[in-house]
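These numbers come from the heavy atoms of this one structure, side chains and all, not from hydrogens, waters or symmetry mates. Just so you know, ligand 1 is whichever comes first in the structure, and atom 1 is the first atom listed for that ligand.
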Amino acid sequence: MTEKLVVRARGPLRGTVRVSGATKNAGLKQMAAALLAPGCTVLRNVTPVADLDVMLDVLRAIGAGVEWTGPDELTIDARPDLHPEAPYEHVTRLRASINVLGPLLARCGEARVAMPGGDNIGSRKLDMHFRGLQAMGAELEVVHGFIEARCNALCGARVVLEFPSVGATENLLTAAVLAKGATIIENAAREPEITDLAAFLNRMGAHVAGAGTSTIEVEGVEELTPVASTLMGDRIEAGTFLMACGIAGGEIAIEGTELAHLEMVVVKLGEMGLKVSRTPDGLWARADDRLQAIDVATLPYPGFATDFMPLVVALLATAEGTAIVTENVFDSRFSFVDELNRMGADVRNEGRHAVVRGVPRLSGAPVRALDVRAGAALVLAGLAADGETEVLDPYHVDRGYPDLAGRLCSLGADVERASLE
Ligand code: UD1
């Protein structure tokens with residue numbers, strides 16, 4: 001809370017940047033899944049973002065040993081005598097703590113996990129997690145702010161999700177791998193992070209088929225064995241660099257990611273005028289002129305990811321023309337537009353929609369990051385603003401980006417971390 005990011009526009013971006021491992025959206029889930037296999041799991045390509053520290057606290061509270069065994073390598077010892085409880089003080093700092101529910105139930109037959117609250121992007125219910133685990137034979141109730149779950153043995157079941165929730169798919173998948181018999185998850189989330197999690201579980205000896213499609217089939221096994229595994233590259237960080245190139249102009253290469261993970265973003269940015277192509281190890285992008293406005297609606301993968309919504313609003317804020325942006329995944333993700341408007345943007349939000357009227361140039365101002373992607377969007381807006389933009393509360397940005405300022409500087413941007421006087 002004592003720092004800020006100071007951004008000054010410095011013209012087009014140039015150079016090559018390598019994306020980090022997808023620690024926030026894939027790594028935290030695989031750390032939770034490591035609880036399924038007694039012994040030492042090794043995860044590589046893990047970068048120390050702030051949310052990771054909270055998950056480390058959760059795992060320690062549960063009784064697992066956690067240790068950095070290399071610069072990007074984490075070893076998790078899921079000891080025999082786990083204490084299946086995730087305390088409120090950690091869960092309230094990290095919603096993804098809920099991902100320990102499935103693995104703890106499967107491994108210990110019980111779990112006590114503090115009920116996470118809402119956050120800055122919406123209410124974020126857990127009904128699908130609950131219904132799915134109940135279908136598999138678990139008893140769940142919320143008592144004094146804790147989810148108390150127990151089961152004699154989890155049994156495979158057919159679960160149809162009302163919405164392809166990422167978190168619910170992950171919790172059900174990580175419970176099903178040790179359940180008795182077959183589980184089918186219909187309308188499963190198809191995000192690449194789910195595919196990465198399933199591949200990790202299969203390496204441990206699980207039988208998961210269909211990850212990346214809407215139907216995931218799991219044949220339960222008796223036990224899982226710890227393995228060493230490498231996290232996928234962070235597609236959201238990669239998309240953030242693409243958007244940075246779009247707003248600042250220039251020509252960049254992004255290594256360590258796959259075009260296949262960013263197809264819809266690339267299509268939409270292409271319509272706006274950004275040129276993007278595949279390289280042997282990632283992407284190349286170039287922006288020559290002012291971008292053109294297009295309409296965007298967020299959807300579960302492979303649709304336009306909600307994580308990119310604040311970023312694309314920042315781009316549209318300086319694009320030529322008027323755009324309508326619709327948020328279909330979270331119910332209140334537009335609070336950040338008031339901050340963007342402080343920089344001279346012309347964005348009007350009503351419910352799930354925002355009308356963005358592009359202006360030629362933004363004007364630097366002190367603004368506040370309200371969540372991780374909204375914070376990144378304000379940093380990007382600063383790349384196209386006159387004068388100095390100060391992004392306060394940068395700890396939100398640090399939750400998901402290992403060093404956004406440093407990475408952008410390596411592409412020629414001027415983003416500096418400074419202390420608040
Ligand atoms: C994850 C990602 C987040 C991403 C989101 C959607 C992490 C740490 N977070 O969040 O970055 O934006 O996926 O791609 O990986 N819902 C219910 N009932 C449930 C579960 C979810 O109504 O039981 C609703 C939520 O309130 C939300 C929507 O479904 O409106 C999507 O949530 P979900 O896909 O579960 O997102 P998360 O896993 O929380």
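At a 3.5 angstrom cut-off on N or O pairs, Thr306 does not count as close to ligand 1. On a distance-only criterion, Met128 and ligand 1 share at least one N/O pair closer than 3.5 Å. In terms of polar-atom proximity, Phe163 is not counted as a contact of ligand 1, lacking any N or O under 3.5 Å from an N or O of the ligand. Any N or O atom pair closer than 3.5 Å counts here, and Arg95 shares no such pair with ligand 1. Remark: ligand 1 and Ala96 share no N or O pair separated by less than 3.5 Å (distance only, no angle test). When only interatomic distances are considered, the shortest N/O to N/O separation between Ala168 and ligand 1 does not fall below 3.5 Å. For ligand 1, the polar-atom distance check against Asp127 finds a nitrogen or oxygen pair separated by under 3.5 Å.
Applying the 4.0 Å criterion to heavy atoms of Gly167 picks out, from ligand 1, the atoms 35 (O), 38 (O). The distance from ligand 1 to the heavy atoms of Glu191 drops below 4.0 Å at these ligand atoms: 14 (O). Numbered from 1 in the order shown, with element, the atoms of ligand 1 that lie under 4.0 Å from a heavy atom of Lys29 read 7 (C), 8 (C), 15 (O). Below 4.0 Å from some heavy atom of Val329 lie the following atoms of ligand 1, by number and element: 27 (C), 28 (C), 30 (O), 31 (C). Residue contact check: Lys125 has heavy atoms under 4.0 Å from atoms 16 (N), 17 (C), 18 (N), 19 (C), 20 (C), 21 (C), 22 (O), 23 (O), 26 (O) of ligand 1. If you number the atoms of ligand 1 from 1 as listed, the ones under 4.0 Å from a heavy atom of Lys24 come out as 8 (C), 11 (O).
Between Arg158 and Glu186, at least one side-chain nitrogen of the basic residue sits less than 4.0 Å from a carboxylate oxygen of the acidic one, meeting the salt-bridge criterion.
Paired with Glu193 under the rule side chain to side chain donor-acceptor pair (under 3.5 Å), one option of Arg235, Gln30, His261, Lys29 passes, and it is Arg235. None of Lys24, His396, Arg373, Arg407 except one satisfies the side chain to side chain donor-acceptor pair (under 3.5 Å) rule with Tyr401; the exception is Arg373.
Taking OG1 of Thr183 as the reference point, atom CD1 of Ile216 lies at 11.0 Å (rounded to 0.5 Å).
Relative to the ring axis of Phe334, Arg348 does not place its NZ or CZ within 45° and under 6.0 Å from the centre.
Residue-environment remark: CZ (Arg60) exceeds the threshold of 12 foreign heavy atoms within 6.0 Å.
Distances shorter than 4.0 angstrom do not occur between any heavy atom of Arg373 and any atom of ligand 1. Not a single heavy atom of Arg131 sits closer than 4.0 Å to an atom of ligand 1.
Between Val166 and Ile194 there is a side-chain heavy-atom pair separated by less than 4.5 Å.
In this structure a side-chain-to-backbone donor-acceptor pair under 3.5 Å is present from Thr169 to Ala189. In terms of modelled atom types and a separation under 3.5 Å, the side chain of Glu3 and the main chain of Leu5 share no donor-acceptor contact. No donor-acceptor pair closer than 3.5 Å links the side chain of Asn341 to the backbone N or O of Met343.
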